[in-house]
Colleague: 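Encoded as structure tokens, here's the structure I'll be asking about.
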There are 2 protein chains.
Amino acid sequence: MAETRWLDDDEQATWRAYLEGTRLLIHALDRQLETDSGVSFADYELLVLLSEAPGHRLRMRDLADASFTSRSGVTRAVTRLEDAGWVRRVECDDDRRGMHAELTEAGAAKLAAAAPGHVGAVREHMFDHLSQAEQAHIREAYTRMRAHLRP
Amino acid sequence: MAETRWLDDDEQATWRAYLEGTRLLIHALDRQLETDSGVSFADYELLVLLSEAPGHRLRMRDLADASFTSRSGVTRAVTRLEDAGWVRRVECDDDRRGMHAELTEAGAAKLAAAAPGHVGAVREHMFDHLSQAEQAHIREAYTRMRAHLRP
DNA sequence: ATGACATTGTTGCGCGGTCAACTATTCCCG
DNA sequence: CGGGAATAGTTGACCGCGCAACAATGTCAT
């Protein structure tokens, strides 16, 4: 068993700042969306994914993959969004097992109403604190990490 | 109402890479700890906080603040860790409302056993993909973000 | 064509988390 | 001092999520 290479002070500081900053950031974004628009961050992201998909619809499995959550999670989330009137289920005609989640007009309107506040919060809490160089480094580093973790 | 400044392409890419990379990273760390040591990432972090505290003990509220979770969450987590034998509750002598959570010897041993694998995973999934410059930029940026979000 | 195997979406179950309410205690100011 | 306000920790109700099991459907080699 190889000797453990512990984190040095700089690495420790990086790790803590990143973890804690991220936790605070996500929490702040969640609260902003919840109080200003009555949507959770998770649900908001599902609406975004649907809005970007061709035909404003996505297979359940694709929605699960794209949102980095489990299929059961998507099933329940879509049920929730369906009850809210923002999404409807549409049967898949080329695969009788399949289901599409499709953004409704109300869902699109909800998203349009919520987006400015959300983007404002993302700027206020993140991008306003990043120099161009920092942003570029973060983009490149996390793109690499993401590729490593999901090849 | 001011015009919304939407994210440009680079900002979009940064935001997505960061969010998705972070999700994958946390998930990977959680799985590593769970399968190799039978501890969740959240519980592991509580043990770390206690191990770093003077006397290996912390007031419940301080533990809640330091772990960025709610007090009820800490109450339940400590109960869980207590049942596992890794933590014990100790009454506070200068504040009869107060409670300390204190790391037991078994808890310290558990932590010592789990730490190398965890640090290895943090290196493998994060620091191994970061240049010195990137690490420094991330440290500075997130330190600033954290300070802004929790003054 | 057919039978083994894979995939899709849903569900029951349990876990872990927050919020609000509660009790006990401490703080603070008149 | 005394009494209202703040604080500490716990608990109950509830919610969202993942895992494993499931039925339904699709895929593919033979």
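Reminder, nothing fancy here: chain letters follow the sequence lines and each chain counts from 1. FYI, side chains are in, hydrogens and waters are out, and symmetry mates aren't considered; it's all heavy atoms of this structure.
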Colleague: CG of Asp94(B) versus P of dA24(C): gap in Å, rounded?
Modeller: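 Asp94(B) atom CG is separated from dA24(C) atom P by 20 Å.
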Colleague: Please confirm whether any donor atom in the side chain of Arg80(B) sits under 3.5 Å from an acceptor in the base of dG14(C), or the reverse.
Modeller: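 It does not, because no donor-acceptor pair links the side chain of Arg80(B) to the base of dG14(C) below 3.5 Å.
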Colleague: Establish, with yes or no, whether the OP1 or OP2 oxygen of dT10(C) is under 4.0 angstrom from a side-chain nitrogen or oxygen of Arg71(A).
Modeller: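 It does not, given that no N or O in the side chain of Arg71(A) lies less than 4.0 Å from OP1 or OP2 of dT10(C).
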Colleague: For Asp95(B) and for Ser72(B), locate the closest nucleotide of DNA chain D by heavy-atom distance; then report the residue assigned to the nucleotide nearer the 5' terminus.
Modeller: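 The answer here is Asp95(B).
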Colleague: Does Arg61(A) have a side-chain nitrogen or oxygen under 4.0 Å from the phosphate oxygens OP1 or OP2 of dT8(C)?
Modeller: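 Result: yes.
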Colleague: Both Met99(A) and His27(A) contact DNA chain C. Taking the nearest nucleotide for each, which residue is further toward the 5' end?
Modeller: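 The residue mapped nearer the 5' terminus is Met99(A).
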Colleague: Nearest whole Å is fine: how far is dG9(D) P from Glu91(B) CD?
Modeller: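 Nearest whole value for this atom pair: 12 Å.
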Colleague: For Arg96(B), report the nucleic acid contact type (base, sugar-phosphate, nothing); a contact means any heavy atom under 4.0 Å.
Modeller: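 Contact class for Arg96(B): sugar-phosphate only.
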Colleague: May I ask you to verify whether the side chain of Arg23(A) and the base of dG17(C) hold a donor-acceptor pair under 3.5 Å?
Modeller: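 Side chain to base: no pair present.
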Colleague: Check the pair Arg139(A), Glu11(B) against side-chain contact (heavy atoms from CB on, under 4.5 Å), reporting the backbone distance first and the verdict last.
Modeller: CA-CA 8 Å; Arg139(A) 180 170 57 251; Glu11(B) 289 168 333; over 6 Å; no
Colleague: Indicate, with a heavy-atom threshold strictly under 4.0 Å, whether Thr69(A) touches base, sugar-phosphate, or nothing.
Modeller: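 Answer is sugar-phosphate: Thr69(A) comes under 4.0 Å of backbone atoms only.
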Colleague: To the nearest Å, how far apart are Asp93(A) CG and dT25(D) C1'?
Modeller: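 Spelled out: CG on Asp93(A) to C1' on dT25(D) is 15 Å.
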Colleague: Nearest-Å distance, CG (Leu63(B)) to C1' (dG17(C))?
Modeller: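 Going from CG in Leu63(B) over to C1' in dG17(C) covers 15 Å.
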Colleague: Please determine whether a side-chain nitrogen of the Lys or Arg among Glu105(A) and Lys110(A) lies less than 4.0 Å from a carboxylate oxygen of the Asp or Glu.
Modeller: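 Lys110(A) and Glu105(A): not salt-bridged.
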Colleague: In this structure, how many angstroms lie between the P atom of dC19(C) and the CZ atom of Arg31(A), rounded?
Modeller: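 From Arg31(A) CZ to dC19(C) P: 9 Å.
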Colleague: Please pick, from dG12(D), dG9(C), dG17(C), the nucleotide with the shortest atom-to-atom distance to any side-chain atom of Ala42(B).
Modeller: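 For Ala42(B), the side-chain atoms sit closest to dG17(C).
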Colleague: Before accepting this row, confirm whether a basic side-chain N of the pair Arg31(A)/Asp36(A) lies closer than 4.0 Å to the acidic partner's carboxylate O.
Modeller: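 Judged by the 4.0 Å cut-off on N to carboxylate O distance, Arg31(A) and Asp36(A) do not form a salt bridge.
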Colleague: Take the protein atom NE2 of His100(A) and the nucleotide atom P of dT8(C), then report the distance between them rounded to whole Å.
Modeller: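 Going from His100(A) (NE2) to dT8(C) (P), I get 13 Å.
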Colleague: Check whether any side-chain N or O of Arg97(A) sits under 4.0 Å from OP1 or OP2 of dG26(D), and answer yes or no.
Modeller: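 No, because none of the side-chain N or O atoms of Arg97(A) sits under 4.0 Å from OP1 or OP2 of dG26(D).
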Colleague: Please state how far atom CD in Glu34(A) lies from atom P in dC19(C), giving the value in whole angstrom units.
Modeller: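 That distance rounds to 10 Å.
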Colleague: Using a cut-off of less than 4.0 Å, is there contact between a side-chain N or O of Arg59(A) and OP1 or OP2 of dT8(C)?
Modeller: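 It does not, given that no N or O in the side chain of Arg59(A) lies less than 4.0 Å from OP1 or OP2 of dT8(C).
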Colleague: Decide yes or no for Thr22(B) and Ile26(A): does some side-chain heavy atom of the first lie under 4.5 Å from some side-chain heavy atom of the second?
Modeller: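 No, every pair of side-chain atoms sits at 4.5 Å or beyond.
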Colleague: I want to check something: taking the side chain as every heavy atom from C-beta on, are Leu50(A) and Trp86(A) in contact at a cut-off of under 4.5 Å?
Modeller: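 Sidechains of Trp86(A) and Leu50(A): no contact.
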Colleague: Within the modelled atom types, does a donor on one side and an acceptor on the other bring the side chain of Ser70(B) and the base of dC19(C) under 3.5 Å apart?
Modeller: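 No such pair is found, so the answer is no.
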Colleague: Report yes if at least one side-chain N or O of Arg89(A) is closer than 4.0 Å to OP1 or OP2 of dT10(C); otherwise report no.
Modeller: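 For dT10(C), OP1 or OP2 has a side-chain N or O of Arg89(A) closer than 4.0 Å.
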Colleague: Should the pair Arg89(A)-Glu82(A) be classified as a salt bridge under the 4.0 Å nitrogen-to-oxygen rule?
Modeller: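 Salt bridge present between Arg89(A) and Glu82(A).
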Colleague: Expressed in angstrom and rounded to an integer, what is the separation of Leu58(A) atom CG from dT8(C) atom C1'?
Modeller: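 In whole Å, dT8(C) C1' lies 15 Å from Leu58(A) CG.
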